[in-house]
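Working notes for the structure below.
What you see below is based on every heavy atom in this structure, not just the backbone, and it leaves out hydrogens, waters and symmetry mates. All figures in this text were calculated on a predicted structure; none of them were measured in a lab. Atoms within a ligand are numbered from 1 in the order they appear, just like the ligands themselves.
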Amino acid sequence: MSDLFSLQDKGVVITGGAGILCGTIAEDLAAAGAKVCIADYDEFRAHELAKSIEAKGYFALPIRLNVLDKKEIQEAFVCALDSMGRIDVLINGAGGNKKEATTSEELSFFDLPAEAVRSVMDLNFMGTFLPCQVFGKYFAKEKRGNILNISSMSAFSPLTKVGGYSAAKAAISNFTQWLAVHMCQTYAAEIRVNAIAPGFILTQQNRFLLTDEKSGQLTQRGRLILDHTPMKRFGTPEELCGAVRWLLSEASKFVTGVVVPIDGGFNAFSGV
Ligand code: NAD
């Protein structure tokens, strides 16, 4: 059973790897024996995380990259391959929403700045698409590989307020299916492409929507989410790790083109 889920010596590149969710995933994969490359815009946090992973006796390589710059992605790819000797997995974790692209009492849909919405679309969708081109080309040559994208609950049914973010994550789910088919049909059946759709996990990107900045109490939106979550709680970053190990290992060898919700039942519940 442990062989089935083994990630020993796999080379894993994680964009947005210094972030809350993907940082936790990086720590978990390193502890499972993988060599992890933490590829993030935030060089300082990437180095700090790599240091703390190395201090535990595991392998971690920090690399600064902007997922919107194909040349930088190419350079990061070469550097990761040089240091790790092989790359088996790409996790596209860089993404997120921003306040300026979110409707509120102060900011109506009609006044949402195009730049803000465009940057959310770009970071999430193009920030997934471009690394898939660079690493996908290598996987095509090797005739094996595993890509994991990060979608969201907002991809299944759009969430109120976050129209741009919902559209971007829906694009990621759709692209995950497209690329899974394309890689199988055009290059090799051993190249898999899947996504996870984390449910509601309190992090920087959503804290301002789910809790009151001053009191820390749940906002009306936070309460609505818990009412709609059969498990009646938010998730934790650690709760993503089991599904990630499954999708990256031989245990899911016949699985490609799926988006796995990890959401305490939110997506399954109609509300009635
Ligand atoms: P986070 O902000 O903690 O992490 C995102 C990381 O991406 C950061 O380290 C940031 O420096 C990096 N980044 C930003 N722009 C970049 C760029 N251009 N190039 C390279 N790196 C860049 O966010 P998180 O909450 O850990 O979310 C991680 C992913 O999970 C995102 O795609 C997010 O949309 C998705 N997600 C989060 C939740 C949640 O509840 N937090 C739910 C569903 C999906």
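- No N or O atom of Ile150 sits closer than 3.5 Å to an N or O atom of ligand 1.
- Nearest to atom 29 (C) of ligand 1 by heavy-atom distance, out of Ala168, Gly93, Ala155, is Gly93.
- We find that Arg118 and Glu115 are joined by a salt bridge, their nearest charged nitrogen and carboxylate oxygen being less than 4.0 Å apart.
- Interface atoms of ligand 1 facing Leu65, defined by a heavy-atom separation under 4.0 Å, are 19 (N), 20 (C).
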**Message:** Test side chain to side chain donor-acceptor pair (under 3.5 Å) on Asp212 and Ser215; report intermediate values, then the result.
**Reply:** CA-CA 6 Å; Asp212 182 79; Ser215 68; 3.2 Å; yes
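- Each of Asn149, Asn124, Thr128 was compared with Lys169 under the side chain to side chain donor-acceptor pair (under 3.5 Å) criterion, and only Asn124 meets it.
- Between Ile20 and ligand 1, a contact under 3.5 Å exists for at least one N or O pair.
- Taking 4.0 Å as the cut-off, Ser151 counts as a neighbour of ligand 1 on heavy-atom distance.
- In this structure, Arg45 counts as a contact residue of ligand 1, since one of its heavy atoms falls inside 4.0 Å of the ligand.
- In the candidate list Gly16, Cys22, Gly95, Gly95 is nearest to atom 23 (O) of ligand 1, counting heavy atoms.
- In this structure, Phe139 has its ring center no closer than 6.0 Å to that of Tyr187.
- Residue contact annotation: Asp40 has a non-hydrogen atom under 4.0 Å from ligand 1.
- Under 4.0 Å is where a charged nitrogen must lie from a carboxylate oxygen, and between Lys51 and Glu48 at least one such pair does.
- Some N or O of Gly19 is nearer than 3.5 Å to an N or O of ligand 1, by distance alone.
- The shortest heavy-atom contact between Gly164 and Met121 is O-SD, 3.5 Å.
- Every atom of ligand 1 is numbered from 1 in the order shown, and the set under 4.0 Å from a heavy atom of Ile201 is 39 (C), 40 (O), 41 (N).
- Summarising the geometry of Thr103 relative to Ser108, their closest heavy-atom pair is CG2-C, 4.2 Å, with the distance given to 0.1 Å.
- Evaluated by nearest non-hydrogen atom to atom 27 (O) of ligand 1, the leading choice among Leu21, Val67, Asn149, Asn66 is Leu21.
- A salt bridge between Glu72 and Arg64 is present, with a side-chain N of the basic residue lying under 4.0 Å from a carboxylate O of the acidic one.
- The distance from the OG atom of Ser151 to the CD1 atom of Ile196 is 9.5 Å, given to the nearest 0.5 Å.
- For Phe234, the heavy-atom gap to ligand 1 stays at 4.0 angstrom or more.
- Among Gly235, Ser154, Pro198, the residue whose heavy atom lies closest to atom 43 (C) of ligand 1 is Pro198.
- If you take CG on Leu7 and CD on Glu250, they are separated by 10.0 Å, rounding to the nearest 0.5 Å.
- Below 3.5 Å of separation, one finds no N or O of Ser152 facing any N or O of ligand 1.
- Heavy-atom distances between Gly199 and ligand 1 reach below 4.0 Å in at least one pair.
- By the criterion of a heavy-atom distance under 4.0 Å, the side chain of Leu123, and not its backbone, is placed next to ligand 1.
- Atom 32 (O) of ligand 1 has its nearest heavy-atom neighbour, among Lys169, Met126, Met153, in Lys169.
- Residue contact check for ligand 1: Gly127 places no non-hydrogen atom closer than 4.0 Å to it.
- With a 6.0 Å radius and a threshold of 12 heavy atoms from other residues, nucleotides or ligands, Phe77 has its CZ atom above the threshold.
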